[in-house]
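A short write-up of the structure that comes next.
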Amino acid sequence: ITIFMGGAEINLSQADIQGVARFDITQVMGGTKLIVPSNWEVRSQLTSIFGNVEDKRQSASTNSDKVLILDGSSVFGGIEIRNY
């Protein structure tokens, strides 16, 4: 995902993974909204400058067999993780 002065919404609510999946996110003055199932474990390895990563999912037990790793960088932007 590459964003410059914009935004993206990625809906993974119907997706299924086995093991580890990675997203490489590069954003400058933008934002990303990820919709992720509540039982996935999300790990952030993102470098953030004047931004943040917020996990706003409803709490549920996570499955260590389903791991989503967020890599990349965010400058003046944020990433919001949600579920529905």
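For reference, positions follow the sequence shown, starting with 1. These numbers come from a predicted model, not from an experiment.
With rounding to the nearest 0.5 angstrom, the CD atom of Glu9 is 9.0 Å from the CD atom of Glu80. Taken to the nearest 0.5 Å, the CG atom of Leu34 stands 11.5 Å off from the OG atom of Ser13. Considering CE of Met29 and CE of Met5, their distance stands at 4.5 Å, rounded to 0.5 Å.
The side-chain heavy atoms of Asn83 and Val36, taken from C-beta on, include no pair separated by under 4.5 Å. Two residues are said to be in side-chain contact when any heavy atoms from C-beta on lie closer than 4.5 Å; Ile10 and Ile1 meet this criterion. Contact annotation: the side chain of Ile69 never approaches that of Phe23 to less than 4.5 Å [non-hydrogen atoms, C-beta and beyond]. A 4.5 Å side-chain heavy-atom check between Phe76 and Ile49 finds every atom pair outside the cut-off. Two residues are said to be in side-chain contact when any heavy atoms from C-beta on lie closer than 4.5 Å; Asp24 and Arg22 fail this criterion.
Here the closest heavy-atom approach between residue Pro37 and residue Leu12 is recorded as CD-O, 3.4 Å. Scanning both residues, Arg57 and Arg82, for their nearest heavy atoms gives CG-C, 3.6 Å. Nearest heavy atoms, Ile25 versus Leu46: O-CD1, 3.9 Å. Across all their heavy atoms, Gly7 and Ile3 have their closest contact at N-CG2, 3.9 Å.
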Stepwise side chain to side chain contact (heavy atoms under 4.5 Å, CB included) check, Asp55 with Val53: CA-CA 7 Å; Asp55 192 346; Val53 177; over 6 Å; no
Could you walk me through whether Glu41 and Lys66 pass the side chain to side chain contact (heavy atoms under 4.5 Å, CB included) check? CA-CA 6 Å; Glu41 180 181 345; Lys66 299 175 186 292; over 6 Å; no
Apply side chain to side chain contact (heavy atoms under 4.5 Å, CB included) to Val67 and Arg43, showing your working. CA-CA 7 Å; Val67 179; Arg43 297 182 193 158; 3.8 Å; yes
Checking side chain to side chain contact (heavy atoms under 4.5 Å, CB included) for the pair Ile81/Leu70: CA distance, chi angles, key distance, verdict? CA-CA 11 Å; Ile81 304 165; Leu70 305 178; 4.0 Å; yes
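Side-chain polar atoms of Thr32 and Gln27 form a donor-acceptor pair below 3.5 angstrom.
Heavy atoms of other residues, nucleotides or ligands lying less than 6.0 angstrom from CD of Gln45 number more than 12.
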